[in-house]
2 protein chains.
Amino acid sequence: MLREDVTDAIRAAVFGELAAVGYARMSIEGIARRAGVGKTAVYRRWKSKLALVLDLVSAVAAEGLPAPATGSLYGDVRALLEVAAHALRHPVASQVVPDLLVEAARHPEIADAIKSALLDGQHGVAAAVVRDAVARGELPEGADADRALDLIVGPLYWRLVVVRTAMPAGYLDDLAASAVAALKA
Amino acid sequence: MLREDVTDAIRAAVFGELAAVGYARMSIEGIARRAGVGKTAVYRRWKSKLALVLDLVSAVAAEGLPAPATGSLYGDVRALLEVAAHALRHPVASQVVPDLLVEAARHPEIADAIKSALLDGQHGVAAAVVRDAVARGELPEGADADRALDLIVGPLYWRLVVVRTAMPAGYLDDLAASAVAALKA
DNA sequence: TCACGACGGAACGGTTGCGTTTCGACGTAC
DNA sequence: GTACGTCGAAACGCAACCGTTCCGTCGTGA
């Protein structure tokens, strides 16, 4: 029976290494070193670096996303931005997510895992928000969920992950209002 | 006197390697191999992988960005999106840019180089577009160029680089209209 | 014509990680 | 109390790349 505390230590170490050096530079030896375990313990559980990361990403997927239902489009969008901003401010997440996205272009398995772990979940939430807004008459029939996601999350991701500039006070409120205006255009 | 054709071959090889394996995995040996030159030729010109990449990024910066002046906010935004979409559709650019952005978080020199090569230029263009729009009365006084850039480029970057999904016909027109509506909100 | 310097290629010793194997110590289930 | 399996640690041979050095070739400028 594999010891669970060792497994947990390895999982935590992978996140650490992923954030510190990125997927490309990450090594099994480095993971074992950081976790304070032997390489044997790692290879007994996963057969490769790729399998290890895929397992981790899938685990994140299982957590699911809360779908906002505030009763107004602005409220839903604002709530979405809050959750996204909170996630993207985590130093680990803001380092690991773009790193894996880049790597996904080279490893279809990673692309698939990220798609079902993150993008599909986001798409579902966006679709629900759009559906509710259409039902309330805030958006016209046939509004597109993909487009909505682009308009809502895009500016925030750009600001927090690409430009990496501080957001002024009230910026999320502003972004939410801007996104609602864009959606209705 | 260093031979210029060799220098060019190395530069091209760096772009190739950067797109193929990423900055982290890129090696001087690999660059020389791809360029069909000896390692000596590389080390004679640059002292490290980092210096090589910084030099390349700076060279890109020197090219500059065309500032649109179509006479309307929508026109300017649409032109900006066209240029950005064209650049981000290049397979090499869409692979290299996010890769270097991730690496920038670990190497301040790369962050600085990218900032002056890409972000500063974009900021300048956005500032000009906003200034013109304010002068025409299309935007209120004190409109923020950073916010404008987030709203214009963010959704496109998200779609093309993060989600990597095809854009439906006329999507750039739609994005431009949406961005204008967002800006005026 | 000749000397100089950059060229590609090969080798250097050193480091790092690969994936595997072996080892003795420990813990737990039976 | 014994037998089994996981544990950390260490070493294995192998491969890649580091940055440097030396080589013989070739093209060019004086």
Side-chain angles (χ1 to χ4, degrees), chain A residues 1-57 59 95-96 99-100 102-103 105-110, chain B residues 1-57 59 95-96 99-100 102-103 105-110:
Chain A
M1 180 89 335
L2 299 174
R3 268 169 51 192
E4 200 147 341
D5 57 329
V6 170
T7 307
D8 292 343
I10 296 173
R11 284 216 168 89
V14 172
F15 275 116
E17 286 289 294
L18 221 39
V21 306
Y23 179 84
R25 268 186 270 256
M26 185 175 71
S27 70
I28 301 281
E29 305 231 3
I31 292 166
R33 210 178 302 135
R34 179 184 288 252
V37 306
K39 276 201 293 180
T40 343
V42 179
Y43 279 111
R44 199 173 288 124
R45 290 167 172 79
W46 297 276
K47 71 180 216 299
S48 68
K49 183 170 84 166
L50 180 59
L52 185 36
V53 167
L54 289 181
D55 182 45
L56 242 75
V57 172
Q95 192 73 243
V96 170
D99 184 273
L100 289 182
V102 170
E103 216 58 49
R106 286 185 273 264
H107 302 282
E109 308 99 313
I110 294 185
Chain B
M1 180 88 332
L2 299 173
R3 268 170 51 191
E4 200 147 341
D5 58 329
V6 170
T7 306
D8 292 343
I10 295 173
R11 284 217 169 88
V14 171
F15 275 115
E17 286 289 293
L18 222 38
V21 305
Y23 178 84
R25 268 186 271 256
M26 185 176 70
S27 70
I28 301 282
E29 306 230 5
I31 293 166
R33 209 179 302 133
R34 179 184 288 251
V37 308
K39 275 200 294 179
T40 356
V42 179
Y43 279 111
R44 201 172 287 123
R45 289 165 173 80
W46 297 275
K47 71 179 217 300
S48 69
K49 184 171 83 166
L50 180 58
L52 184 37
V53 167
L54 289 181
D55 182 47
L56 242 76
V57 172
Q95 191 73 240
V96 170
D99 184 273
L100 288 182
V102 170
E103 217 57 50
R106 286 186 274 262
H107 302 282
E109 308 98 311
I110 294 184

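These numbers come from the heavy atoms of this one structure, side chains and all, not from hydrogens, waters or symmetry mates. First the proteins, then the strands, lettered A, B, ... as listed; each starts at 1.
The side chain of A/Tyr43 lies closest to C/dG19 when the candidates are D/dT21, D/dT6, C/dG19. The side chain of A/Glu29 approaches C/dC18 more closely than any other nucleotide in the set D/dC18, C/dC7, C/dC18. Of the listed nucleotides (C/dC18, D/dC17, C/dC7), C/dC7 has the atom at the smallest distance from the side chain of B/Ala41. Listed nucleotides: C/dA6, D/dT20, C/dT21. Nearest to the side chain of B/Lys39: D/dT20.
Of the options B/Leu100, B/Val102, B/Val96, a side-chain contact (heavy atoms from CB on, under 4.5 Å) to A/Val102 is made by B/Val102 and by none of the others.
Pairing each heavy atom of B/Ile31 with each of B/Ala13, the nearest pair is O-CB, 3.6 Å. Contact record, A/Ala24 with B/Ala24: CB-CB, 3.6 Å, taken as the closest heavy-atom pair.
If you measure from atom CD of A/Glu4 to atom C1' of D/dT6, you get 14 Å, rounded to the nearest angstrom. We find that CD1 of A/Ile28 is positioned 9 Å from C1' of C/dC18, with the value rounded to whole Å. Counting to the nearest Å, the C1' atom of D/dA10 and the CZ atom of A/Arg33 are 14 Å from each other. Rounded to an integer number of Å, the gap from CE of B/Met1 to C1' of D/dG27 is 14 Å. As rounded to whole Å, 15 Å separates atom P of D/dT28 from atom CG of B/Leu2. Atom-to-atom, CG of A/Leu50 to C1' of C/dC18 comes out at 16 Å; the value is rounded to the nearest Å. Straight-line distance from the CE atom of A/Met26 to the P atom of C/dC18: 9 Å, rounded to whole Å. A/Asp8 places its CG atom 12 Å from the P atom of D/dC7, with the value rounded to the nearest Å.
A salt bridge is defined here as a Lys NZ or Arg NE, NH1 or NH2 lying under 4.0 Å from an Asp or Glu carboxylate O, and A/Asp99 with B/Arg106 meets this definition. With salt bridges taken as basic N to acidic carboxylate O contacts below 4.0 Å, one links B/Asp55 and B/Arg11.
Put simply, A/Arg45 has a side-chain N or O that comes within less than 4.0 Å of OP1 or OP2 on D/dC7. For B/Arg3 and D/dG27, the shortest distance from a side-chain N or O to OP1 or OP2 is not below 4.0 Å.
Bending across the helix from C/dT1-D/dA30 to C/dC30-D/dG1, expressed as the angle between its end axes from five pairs apiece, amounts to 10° (10° rounding).
Between A/Gly30 and B/Val37, it is B/Val37 whose nearest contact on DNA chain C lies nearer the 5' terminus.
The distance from the NZ atom of B/Lys39 to the CD1 atom of B/Ile28 is 9.0 Å, given to the nearest 0.5 Å.
B/Tyr23 has its side chain within reach of B/Lys49: a pair of non-hydrogen atoms, C-beta onward, lies under 4.5 Å apart.
For a distance-only test at 3.5 Å, the side chain of A/Thr40 qualifies as a donor-acceptor partner of the base of D/dA9.
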